[in-house]
Amino acid sequence: QVQVVESGGGLVQAGGSLRLSCTASNLNVSSFTMAWFRQAQREFVTQIFRDGRTSYRDSVKGRFTISRDNAKNTVYLEMNNLKPEDTGVYYCRAAYLSSVYWGQGTQVTVSS
């Protein structure tokens, strides 16, 4: 049974930082495109492809960094200079061809 679990959310002041983690079970994160989405609409934030290339939503470029640790089978989202508009539930998604798996999300709240 595949499981994708996010962690690391919390409350932070504007300008602060958080690091989110996405750990997978029974799924190799390096074999999937791993992505972060946020909020109820599941707005795309960033993704890392199997070959290590990354892409970002314009509003987070220069502030957020996605990375992958194959040994820990974990994907990270380093978020710096956080803004109140970054507030939301952050979801991790693993996708490859027709296989798509979502985590339950972790709440990030940025106070002004």
N-O pairing of D86 and K83 below 4.0 Å: no
Any side-chain heavy-atom pair of F64 and R57 under 4.5 Å: no
Heavy-atom pair of closest approach, residues A14 and S112: CB-CA, 4.3 Å
Contact summary for S21 and T74, nearest pair of heavy atoms: CB-CG2, 4.1 Å
Cluster check Y76, V60: I/L/V/M/F/W/Y, side chain < 4.5 angstrom: no
Pair F37 and W102, ring centroids less than 6.0 Å apart: yes
Spacing of CG belonging to N26 relative to OH belonging to Y101, to within rounding of 0.5 Å: 9.5 Å
Separation of R63 CZ from N81 CG (nearest 0.5 Å): 6.0 Å
Closest heavy-atom pair and its distance - C22, M34: SG-CE, 3.9 Å
Closest non-hydrogen atom pair, R38 against Y90: NH1-OH, 3.0 Å
N/O donor-acceptor pair under 3.5 Å between N73 side chain and T23 backbone: no
Y56 to K61 - nearest heavy-atom pair and separation: O-CE, 3.4 Å
Nearest-0.5 Å distance, CE of residue M79 to OG of residue S17: 9.0 Å
Shortest non-hydrogen separation from F32 to N28 and the atoms involved: CD1-O, 3.4 Å
Side-chain touch I66/V75, heavy atoms, less than 4.5 angstrom: yes
Step-by-step side chain to side chain donor-acceptor pair (under 3.5 Å) determination, Q47 to S55: CA-CA 6 Å; Q47 63 187 338; S55 66; 3.0 Å; yes
Residue pair V100 / R93, side-chain heavy-atom distance below 4.5 Å: yes
Main-chain N/O of S111 paired to Q13 side chain as donor or acceptor, under 3.5 Å: no
N80, T106, V12, L11 screened by side chain to side chain contact (heavy atoms under 4.5 Å, CB included) with L18, the one that passes: V12
Common cluster, V29/Y91, ILVMFWY with side-chain heavy-atom separation under 4.5 Å: no
Hydrophobic cluster identity match, V4 and F44, side-chain contacts under 4.5 Å: no
Note, Q107 side chain near T87 side chain (heavy atom, < 4.5 Å): yes
Donor-acceptor pair, side chain of R68 and main chain of F49, under 3.5 angstrom: yes
Same apolar cluster (I L V M F W Y, side chains within < 4.5 Å links), L82/W36: yes
